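The structure appears below as structure tokens.
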Amino acid sequence: MALVLSATQGHTGIITLNHSEKRNALSEALVHELIGVLDDFRHREIRAVILRAQPGIKVWSAGHDVNELPGRGRDPLGWNDPLRILIRTLQEYPAPIIGLIEGSVWGGACEVAMACDILVITPDVSFAITPAKMGVPYNIGGLLTLLNMIPLPIVKEMLFTAEPLPSDQAFNLGIVNYVKPADEIEAFVGNIADRIALNSPLSIGVMKDALRLLSSAHAVSPELFERIQGMRRIVYDSEDYQEGIRAFREKRKPKFPGK
Ligand code: YZS
């Protein structure tokens, strides 16, 4: 069974996450399929992409596949991690990606949403960024994706409590573009995609890339980079990290020793 479904309507491409049994967790296999669809859309010169899950779903995506996170002592979110590859692919895709979101969004899937260019959600949506619940040191690029979309005090609250941010707050903060009822959202998003497709794809592609480059134009010296990586390493070497993953597998709440 395909983990990701794809369809096209005119110049618009639609990608549907299709692994509800595992709550659309972002496994290597699912990410591989998703990137394959984006490659295909790129060759077919698709001008707007809609990224969604199955209609009416309760969990849009549960985030990184926790069973694929490495054991203690290895960076769980290194350059070649599937989540990292997916985020870069979405950000570098040369046409707008519209996130159509229903249900709850967890962990790395929040970053996937924040890597979309336009977000339209239903009122039941919530976003929870959960590394602190797993003992995971989120990576530098990932924090930057969040910071580019979410005001600093809110991103801090989300990271430190790991609790869900509800749809009305996400809308009031300008994190999402629109909140629409479930029975209207598909037509509404399709209309945005159609309007984008009438404009110059060259102009849009270049502006998207320029905005990406400008929003990541923070000077990070090699020393600063290595310092943050060193700080992160303390976390993924820790008992907290080991406990976070073990607790998930054993379906219980973690007890973090803080070392
Ligand atoms: O027991 P089976 O085999 O049926 O599988 C269960 C879950 O184990 C599986 N599943 C996942 N498998 C791998 N990775 C996941 N993230 C994941 N989430 C779920 O799907 C089957 C159904 O799950 P249930 O728990 O029975 O479903 P439900 O009662 O509907 O609850 C749905 C939620 C989403 C509330 C629940 O599954 C959940 O809390 N999942 C974990 C959400 C989460 O904390 N995700 C963050 C993952 N970490 C990251 O993305 C980053 C690395 S970080 O940690 O930095 O944020």
Side-chain angles (χ1 to χ4, degrees), residues 1 3-4 17-34 53-54 56-88 90 99 101-116 124-147 149-150 155-166 228-229 231-256:
M1 188 193 65
L3 303 174
V4 161
L17 306 177
N18 189 43
H19 198 201
S20 56
E21 297 78 11
K22 295 288 179 191
R23 306 300 182 262
N24 291 327
L26 302 168
S27 63
E28 189 174 1
L30 185 146
V31 168
H32 181 75
E33 283 188 26
L34 207 166
Q54 304 91 332
I57 197 96
K58 291 277 170 277
V59 181
W60 192 76
S61 169
H64 204 296
D65 189 320
V66 176
N67 297 314
E68 292 181 359
L69 289 173
R72 183 176 171 180
R74 232 185 96 194
D75 190 342
L77 296 170
W79 181 258
N80 285 321
D81 173 77
L83 173 65
R84 304 304 338 136
I85 295 173
L86 176 58
I87 297 292
R88 291 198 296 275
L90 295 170
I101 303 191
E102 297 177 79
S104 55
V105 188
W106 300 85
C110 282
E111 194 191 342
V112 169
M114 300 305 148
C116 293
D124 66 322
V125 165
S126 62
F127 297 97
I129 312 178
T130 50
K133 272 218 168 18
M134 303 284 307
V136 167
Y138 217 66
N139 66 307
I140 302 173
L143 292 175
L144 192 56
T145 311
L146 303 176
L147 270 176
M149 294 289 282
I150 307 172
V155 88
K156 282 183 178 174
E157 184 182 347
M158 292 179 79
L159 285 167
F160 301 162
T161 66
E163 281 165 13
L165 183 84
I228 298 175
Q229 287 298 83
M231 285 158 25
R232 294 185 59 247
R233 180 161 191 169
I234 293 170
V235 184
Y236 63 74
D237 276 349
S238 71
E239 286 176 37
D240 275 11
Y241 176 67
Q242 198 174 28
E243 166 64 4
I245 293 181
R246 198 189 293 135
F248 177 85
R249 291 193 181 135
E250 294 170 3
K251 297 183 186 286
R252 61 172 172 80
K253 284 202 184 311
K255 278 193 194 140
F256 293 118

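Because only heavy atoms are used, hydrogens play no part in the values below, and waters and symmetry mates are left out as well, while side chains stay in. Only a predicted model underlies this, so the values are computations on that prediction, with no experimental measurement involved. Read the numbers this way: they start at 1 and go in the same order the structure lists the ligands and their atoms.
Protein non-hydrogen atoms do not reach within 4.0 Å of atom 25 (O) of ligand 1. There is no protein heavy atom less than 4.0 angstrom from atom 29 (O) of ligand 1. The nearest protein heavy atom to atom 38 (C) of ligand 1 is not closer than 4.0 Å. Remark: atom 53 (S) of ligand 1 lies closer than 4.0 Å to at least one protein heavy atom.
At under 3.5 Å, not a single nitrogen or oxygen of Tyr138, backbone or side chain, sits near a nitrogen or oxygen of ligand 1. For a threshold of 3.5 Å applied to N or O pairs, the pair formed by His64 and ligand 1 contains at least one separation below that value. Where the criterion is an N or O separation shorter than 3.5 Å, residue side chain and backbone included, Ala62 meets it with respect to ligand 1. Checking only distances, Gly108 does come within under 3.5 Å of ligand 1, N or O to N or O.
Residue-ligand proximity: Lys58 is placed with every non-hydrogen atom at 4.0 Å or more from ligand 1. Proximity of Arg23 to ligand 1 is established by a heavy-atom distance of less than 4.0 Å.
Within the 4.0 Å heavy-atom criterion, both parts of Val66, backbone and side chain, lie near ligand 1. The backbone and the side chain of Pro131 each have at least one atom closer than 4.0 Å to an atom of ligand 1 (non-hydrogen atoms only). At a 4.0 Å heavy-atom cut-off, ligand 1 touches Lys22 through backbone and side chain alike.
Within the structure, salt bridge (charged side-chain N to carboxylate O under 4.0 Å, His left out) pairs that include any residue of residues 239-251 comprise Glu243-Arg246, Glu243-Arg252, Glu250-Arg252 (at least two apart or interchain).
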Starting from the C-alpha separation in whole Å, work towards a yes-or-no answer on side chain to side chain contact (heavy atoms under 4.5 Å, CB included) for Glu21 and Met1. CA-CA 12 Å; Glu21 297 78 11; Met1 188 193 65; 4.1 Å; yes

Run the side chain to side chain contact (heavy atoms under 4.5 Å, CB included) test on Asp75 and Leu77 for me, step by step, so that the C-alpha distance in whole Å, both residues' side-chain angles and the decisive distance to 0.1 Å come before the verdict. CA-CA 6 Å; Asp75 190 342; Leu77 296 170; 4.2 Å; yes

Could you walk me through whether Val112 and Leu83 pass side chain to side chain contact (heavy atoms under 4.5 Å, CB included), step by step? CA-CA 8 Å; Val112 169; Leu83 173 65; 3.9 Å; yes

Check the pair Gln54 / Asn24 against side chain to side chain contact (heavy atoms under 4.5 Å, CB included), numbers first and verdict last. CA-CA 10 Å; Gln54 304 91 332; Asn24 291 327; 3.2 Å; yes

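The ligand atoms of ligand 1 that sit less than 4.0 angstrom from a heavy atom of Asp65 are 13 (C), 14 (N). Residue-ligand proximity, Met134 to ligand 1, at heavy-atom distances under 4.0 Å covers atoms 54 (O). Residue contact check: Val136 has heavy atoms under 4.0 Å from atoms 54 (O), 55 (O) of ligand 1. For ligand 1, the atoms closer than 4.0 angstrom to any heavy atom of Glu21 are 20 (O), 21 (C), 22 (C). Proximity to Gly63 (heavy-atom distance under 4.0 Å) selects the following atoms of ligand 1: 50 (O).
Of all the heavy atoms in Ala162 and Lys133, the pair that sits closest is CB-CG, 3.6 Å. Heavy atoms only, all atoms of each residue included: Leu17 and Val4 are closest at CD2-CG2, 4.4 Å.
In summary, Lys22 and Asp65 do not engage in a salt bridge, as defined by a charged side-chain N under 4.0 Å from a carboxylate O.
No donor-acceptor pair under 3.5 Å is formed between the side chain of Glu163 and the backbone N or O of Ala128. No donor-acceptor pair under 3.5 Å is formed between the side chain of Arg232 and the backbone N or O of Ile140. A donor-acceptor pair is defined here as one N or O able to donate and one able to accept, closer than 3.5 Å; no such pair exists between the side chain of Glu111 and the backbone of Ile87.
Ranking the protein heavy atoms by distance from atom 6 (C) of ligand 1 puts Lys251 NZ, 4.0 Å first.
Here the shortest heavy-atom distance to atom 46 (C) of ligand 1, taken over Thr130, Leu69, Asn67, belongs to Thr130. Taking all heavy atoms of Trp60, Trp106, Tyr241, Phe248 into account, the minimum distance to atom 34 (C) of ligand 1 is reached by Trp106.
Atom CD of Gln229 is surrounded by more than 12 heavy atoms from other residues, nucleotides or ligands within 6.0 Å.
Listed by chain and number, the residues in a salt bridge (Lys or Arg N to Asp or Glu O under 4.0 Å) with Arg233 are Asp237 (sequence neighbours excluded).
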